[in-house]
> 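Sharing a structure here in C-alpha cells format.
In this text the structure is predicted, and so the values were computed from the model without any measurement. Both ligands and their constituent atoms are indexed starting at 1 by order of listing.
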Amino acid sequence: MAEYNRVSECVGLITLRNPPVNALSAAVRQGIVDTVQRALSDPNVKSVVICGQNGIFCGGADIKEFGSNMTGPPLIPMIHAIESANKPVVAAIEGSALGGGLELALGCHYRIAHSKARLGLPEVSLGLLPAAGGSQRLPRLIGVPAALNLITTGRHVTAAEALQLGIVDQVTDHNTVDAAVKFALSVAGRSLDPRRISTHPCPQQPDLDALFEEVMQKVRQSARGAIAPIACVQAVRAAATLPYAQGMERERELMATLFTSGQARALQYCFFAERAVGRWRMPSGARWDTSKPRPVHKAAVIGLGTMGRGITVALAQTGLSVIAVETQEKQLMEAKQAISGMLERGAKRRGVAPALDGVIYSQNIQAVADVDLVIEAVFEDIALKTKVFQQLSAVCKPGTLLCTNTSALDVDQLASETPNPELVVGMHFFAPAHVMKLLEVVYGPRSSPQAVATAMQLGKKMGKASVAVGNCRGFVGNRMLKPYIEEAFFLLEEGATPELVDQALEEFGFPMGVFRMSDLSGLDVGWRVRKGDGLVEPGTASGRSARIRQGRRYSPLGDLLCEEGRFGQKTGRGWYQYDKPGSRVARSDPWLHSFLGAYRAQHGLVARRIDHQEVLERCLYALINEGFHILDDGIAAGPEDIDVIYVSGYGWPRHRGGPMFYANMVGLAKVLERLEHYQQLHPEVPHLQPSSLLRRLVASGSPPIHKWGEAIKKLHSQL
Ligand SMILES: CCCCCCC/C=C/C(=O)SCCNC(=O)CCNC(=O)[C@H](O)C(C)(C)COP(=O)(O)OP(=O)(O)OC[C@H]1O[C@@H](n2cnc3c(N)ncnc32)[C@H](O)[C@@H]1OP(=O)(O)O
C-alpha cells in the first residue's frame, strides 16, 4: 500500500498505492510508517519524496473507515514522525491533495505541485475538521484569514493559488516526481528547523478577536445549523491563540464531538449517495455499466425562455456546439443578448474565455438537422410540445436523442407521438438551469438504456447531480413536494401563519420556508396546475364541504390569493408583502393575517396553537411518506436517488442527509407512528396514510438505510 524505492542513488521514493484516490486506509498508513522508517534508517538516503500512484497524491483519510472501528497506525503521530525527520521529506503533489492528504503534505518539509493539481481541506463538507494537525499547521503556514477561508468552506485551490498562498514551494508543468526528486537532492543536508510548520507561531494578525467574531457570525449565518463549520473556526482560533501542543489538544476535542455526530454521518452519506446515483439502473434491468452512451458533439435547444437560455449556457460551457432555436425574431435577439451575458459572466468567474462562438442562433427548426441531441424547452403545454416533437422527428438525422425539459408533463405521452419513442427521455432542469446542480433524467417504459446513458453522461459533463427516475406525475422531486405544500396550507387553515411555518422549516435548515419559496417561484405556477386538474372553484362556498374536492381535503387558500392578484415577489404581494414588485425582502403582511382570520371564520374553522414540531412532522413526514411510495412504485431505484434530488435541488439541508436518510435517523417506527397519529386526526388526507413500504420496513425490523434496497427487493418478492 506504500511502495519504497531508492532513486537517483540517494533519494528514498515512497509511492502511495491505494486506487482510485490513494486514500489513507489503515494499510496505507502502515505502509507510510514502515517506508519512512526504512528511508530514515538507510544511511545512503539523503532525502525522501512522497508521491501517489496514478497521477493522484492522496484523496485524504479513507472515509469508508469512519463508520467502523479504526485500526492501524493513527495519522497524527505518523505525520509528526515525518515532520520530525532529520532528512528532508518532499511531497510530490499531482492530481489532488485533499483532507488528510494535504495534512500529510503539510507534515513534509517541502511541497512541489503539478500545475493541474488541486489542494484543499474539505473535511467540513463531511461534517468534520482537519484533525490530523491541518487546523493547526495551515494557519501557521498561510496566516489565519486565508486558513479560515479554506478550512470553513472546504474549497479546493489550484496549484497556482496554493503557490500564491504559500502552501506549496514550487509548481511544475513537467513530471512532478522528477521535479520533486531534483528538489529533494538540492535541499539535502540543509537545516530543517525552519521547515517544521508546527514549530512556527501563527503570523501576526491585528485585532484577532474582531476577526474571529466577524467570521463566526458569517459562518453561523451560512451554516444553517451545521456544526462543523463552527468547530472549524474554533480550531483555527486555537491555532492562533495557543501553543501547538495545546492547539492539537483542542483540535482533538472538537473532532471527537464531530466524529460521532449525526451530521457527520449525514454528510458522509451524501458524499457516497452522490456517487451511487451515477450507478443508475432501470426496472427493466438496464444499468449504467452495461449501457453505452452515444457521443454528443452537437446539441440543440428549442425555445429560449428562462429555462432554454440556462440550458444553452450549461451546454455551451461544457464545450459543445449548440444550436439555439427561437421562432420569434424579437425573442431570439433578446435571448442571444441574455445568453451572451451569462456566458461572459460565467467565463469571467472561472477565468476562461467565454464560449460565445459555441452557440449558433436560429429561427428555423431545420437548423437542428445534424445535431446529436435536442433539448426541447418550450412552454409547458402538451399540444405545443407534441407539435415540436413531431417536427423534430421529421427534421433530425436518424438516431438523434429527443429530450424534453418538462417539469410536469407526461414524458411517455410525448414519446408516443414520435416514430422512435426509444430516443425520448425527459431532462428536468431546475431554474436557473446553468446554476442549479440537479438534473432529473426521466425515462419511460420505452426509453432505450442508451438514451438514458447519454442523458446521464451529458448531465455529468455539465456538472449536474444527475439522477435517473421513472416517469410519473411530478417525477420524484415535485411529486414529493405536493404533500409538503398541501400540509403547509392545511396548517394555515388550522391556525398557523406563513411566518411560523417558514420559521420552523428554516430552523430545520431549509434556506427558505415553503411560503417564502412559493412567493419566489410564483403562486400562479401551482394555480395553473390546479386549474388544469379541475380543482379550482369560485371562492364563495364555505364550510367543510367547500374544502373537500375530488374526494379529499383541499385548501383553496393559494387559489384565493391568486384571485387577488397576489402572485408572490413578482407582484410585490403573496404570502408576504414586498417593497415593490420584484423585491426580495419578505415582510409580514397584516392583510394576510386578517384574510386568514376571515377565511377561518367563513369556513367555521377554529384557530389553535401549532408548534414547530407539528409543522415539521406534518410537512416533512408527508413528504417522506411520498418518498416511500416512490420507492415502492420503482420510480426511484433507491433512497440515495431521492436524497440527492432533495439535497441538490430542493434545499434540503445537506447536514440532515436528505429526507429518506432523515427518516432513517429519526427511526422508521417513529415516522410511522406520527403519520398514523395525524392520519387519525385528518382521515380525509390520503397523503398522511402511511405507505405500505414504510409499514413493511418497520414490520421487518426497520433495516438501516443501506439495507433498504435488499429489503425492498425481498418485500416485493414476498407479495
Ligand atoms: C478520530 C479519527 C481522526 C482522523 C483524522 C482525519 C482527518 C482527515 C480527514 C479526511 O481526510 S476526510 C477526507 C477528505 N477528503 C475528501 O473529502 C476528498 C473526497 N474525494 C473527492 O473529493 C474526490 O473523490 C476526488 C479525490 C477529488 C476525486 O474525484 P473523482 O471525480 O476523480 O472521483 P470520485 O468519483 O469522486 O471518487 C472515485 C472513488 O473514490 C472514492 N473516494 C474518493 N475519496 C475517498 C476517500 N477519501 N475515502 C474513501 N473513498 C474515497 C469515491 O467514493 C469513489 O468510489 P465509488 O463511490 O465510486 O465507489
Side-chain angles (χ1 to χ4, degrees), residues 1 16-29 32 52-80 93-107 116-138 150-151 153-159 228 231-232 235 248-249 251-261 264-265 267-280 288-289 456-457 460-461 463-466 638 640 644 654 706:
M1 288 290 188
L16 312 186
R17 291 195 185 282
N18 184 16
V21 301
N22 298 324
L24 296 164
S25 63
V28 173
R29 298 195 303 275
I32 296 173
Q53 74 166 1
N54 291 338
I56 175 163
F57 181 70
C58 175
D62 187 341
I63 307 166
K64 289 193 185 98
E65 280 186 353
F66 290 167
S68 59
N69 274 342
M70 289 181 72
T71 56
L75 270 178
I76 292 174
M78 179 192 95
I79 294 172
H80 191 68
I93 301 172
E94 289 176 305
S96 301
L98 298 172
L102 180 55
E103 294 180 286
L104 166 65
L106 292 174
K116 295 217 167 93
R118 315 275 295 185
L119 298 87
L121 293 175
E123 286 88 340
V124 68
S125 59
L126 298 168
L128 305 174
L129 60 85
S135 75
Q136 303 305 299
R137 283 196 179 90
L138 193 67
L150 259 59
I151 292 174
T153 62
R155 80 182 172 91
H156 302 180
V157 297
T158 60
C232 285
M248 286 298 286
E249 180 52 24
E251 182 190 89
R252 192 196 60 74
E253 282 166 13
L254 289 162
M255 179 65 158
T257 313
L258 296 180
F259 198 69
T260 50
S261 69
R265 275 175 60 196
L267 287 159
Q268 288 157 30
Y269 164 82
C270 285
F271 176 85
F272 289 114
E274 277 163 357
R275 281 147 183 88
V277 296
R279 297 188 283 271
W280 56 271
W288 66 285
D289 50 352
M456 287 293 284
Q457 192 189 54
K460 191 171 176 194
K461 269 197 190 150
K464 306 284 178 204
S466 309
E640 298 88 353
V644 170
R654 195 178 167 87
H706 63 275

> My understanding is that only residues two or more places apart in sequence, or in another chain, count here; which of them pass side-chain hydrogen bond (donor to acceptor under 3.5 Å, both in side chains) with Asn69?
none

> Could you see which bit of Val21 sits under 4.0 Å from ligand 1, with heavy atoms only: side chain, backbone, both or neither?
side chain

> Counting only non-hydrogen atoms of the protein, does one fall under 4.0 Å from atom 30 (P) of ligand 1?
no

> Which of the atoms in ligand 1, numbered in the order shown and given with their element, are less than 4.0 Å from a heavy-atom of Phe272?
53 (O)

> At less than 4.0 angstrom from any non-hydrogen atom of Phe271, what atoms of ligand 1 do you find?
19 (C), 20 (N), 43 (C), 44 (N), 53 (O)

> Side chain or backbone of Arg118 under 4.0 Å from ligand 1, or both, or neither, by non-hydrogen atoms?
neither

> Would you mind finding which of Ala131, Gly59, Pro130 brings a heavy atom closest to atom 15 (N) of ligand 1?
Gly59

> By number and element, which atoms of ligand 1 are closer than 4.0 Å to a non-hydrogen atom of Asp62?
48 (N), 49 (C)

> What residue and heavy atom of the protein are closest to atom 24 (O) of ligand 1, and at what distance?
Arg275 NH2, 4.0 Å

> Would you say NE2 of His80 has more than 12 non-hydrogen atoms from neighbouring residues, nucleotides or ligands within 6.0 angstrom?
no

> Who pairs with Arg654 by salt bridge (Lys or Arg N to Asp or Glu O under 4.0 Å), at least two apart in sequence or on another chain?
Glu274

> To which of Lys460, Arg252, Met255 does the heavy atom nearest atom 6 (C) of ligand 1 belong?
Met255

> My understanding is that we take every heavy atom of each candidate and find the minimum distance to atom 12 (S) of ligand 1. Doing that for Leu24, Leu75, Leu126, which one comes out nearest?
Leu126

> Kindly state if atom 57 (O) of ligand 1 has a protein heavy atom within a strict 4.0 Å cut-off, that is, under 4.0 Å?
yes

> Against heavy atoms of Gly60, which atoms of ligand 1 measure under 4.0 Å?
11 (O)

> State whether the shortest distance between N or O atoms of Arg279 and N or O atoms of ligand 1 falls below 3.5 angstrom.
yes

> Can you find a protein heavy atom closer to atom 44 (N) of ligand 1 than 4.0 Å?
yes

> Side chain, backbone, both or neither: which applies to Pro20 and ligand 1 if a contact is any heavy-atom pair less than 4.0 Å apart?
side chain

> Do me a favour and list the nearest non-hydrogen protein atom to atom 55 (O) of ligand 1 with residue, atom name and distance?
Lys64 NZ, 4.6 Å

> Which is closest to atom 8 (C) of ligand 1 in terms of heavy atoms, His156, Glu123, Glu251, Gln268?
Glu123

> Gly100 to ligand 1: N or O pair under 3.5 Å?
yes

> For atom 40 (O) of ligand 1, is the nearest protein heavy atom closer than 4.0 Å?
yes

